[in-house]
Amino acid sequence: MSRDFAKKGRAPAKRNGSNSGGQTPAWLWFIAGLVLGAFAASYYFIKNPVEAPAPKEEPKPKVIENKTPKPRFDFYKLLQESETIVPASEATSEEKPAQQEAGIEYLIQVGSFPKAEDADKLRAQLILLNLDAGIEKVEIRKGEIWHRVVVGPFDNQNALTSARSQLVKNEYNALVLKRAKAK
């Protein structure tokens with residue numbers, strides 16, 4: 001014979017939604033246990049401080065003499081021989097006019113980059129400062145091309161000095177170059 005379980009009466013489920021019985025929730029006991037444990041641990045470490053062990057003295061390593069010779073650098077001498085000192089500014093007075101060297105022009109090199117994009121960015125910044133900036137391609141070694149950002153050329157010392165002071169005022173490092181005029 002078959003039974004019908006669908007019509008069997010069920011007992012209502014107990015609900016513990018409210019704390020009407022005076023019971024303390026479990027999460028409150030958990031928090032209280034953590035606080036009490038932290039207090040006990042801190043009290044223990046205050047009464048029994050941990051001392052750090054003394055550092056062990058390591059034996060000094062033996063110094064092994066290096067038999068390789070020290071490298072020689074000749075570029076110091078080469079740079080001193082090719083150095084051209086350009087005065088930062090020459091005093092001009094009405095009594096003594098500035099000497100103009102025939103066939104000589106001055107440039108201010110502001111930067112040198114292997115990538116043309118970097119040089120073009122700096123050139124654009126200098127143009128915004130109202131300086132006559134340009135880019136020169138220079139081959140340093142075989143096949144290695146650098147892009148120099150230069151301001152100028154300048155024929156007289158006054159224009160060179162004013163351009164250089166404007167670069168310094170805007171925190172650009174500059175190098176003054178002296179070369180023969182391009183014809």
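This chain uses plain numbering: 1 for the first residue, then up along the sequence.
- One distance of note links NZ of K115 with NE2 of H147; it measures 11.0 Å at 0.5 Å rounding.
- L177 CG to Y106 OH: the interatomic distance, rounded to the nearest 0.5 Å, is 11.5 Å.
- With a 6.0 Å radius and a threshold of 12 heavy atoms from other residues, nucleotides or ligands, N48 has its CG atom above the threshold.
- A donor-acceptor pair under 3.5 Å links the side-chain atoms of N170 to the main chain of Q166, judged by distance alone.
- Inter-residue side-chain proximity for L107 and F154 is flagged as unmet; no heavy-atom pair is nearer than 4.5 Å.
- Counting only distance, with no hydrogens or angles, the side chain of E139 and the backbone of G143 share a donor-acceptor pair below 3.5 Å.
- The shortest side-chain heavy-atom distance between K137 and W146 does not fall under the 4.5 Å cut-off.
- At least one side-chain heavy atom of L126 sits less than 4.5 Å from a side-chain heavy atom of L167.
- Atoms CD and CG, from Q23 and L28 in turn, are 13.0 Å apart once rounded to the nearest 0.5 Å.
- Within the model, atoms CG of N173 and CD1 of I108 stand 12.5 Å from one another, a figure rounded to the nearest 0.5 Å.
- For the atom pair CH2 (W29) and CG (L34), the distance works out to 13.5 Å, reported to the nearest 0.5 Å.
- A salt bridge links D120 with R123: the closest approach of a Lys/Arg side-chain nitrogen to an acidic carboxylate oxygen falls below 4.0 angstrom.
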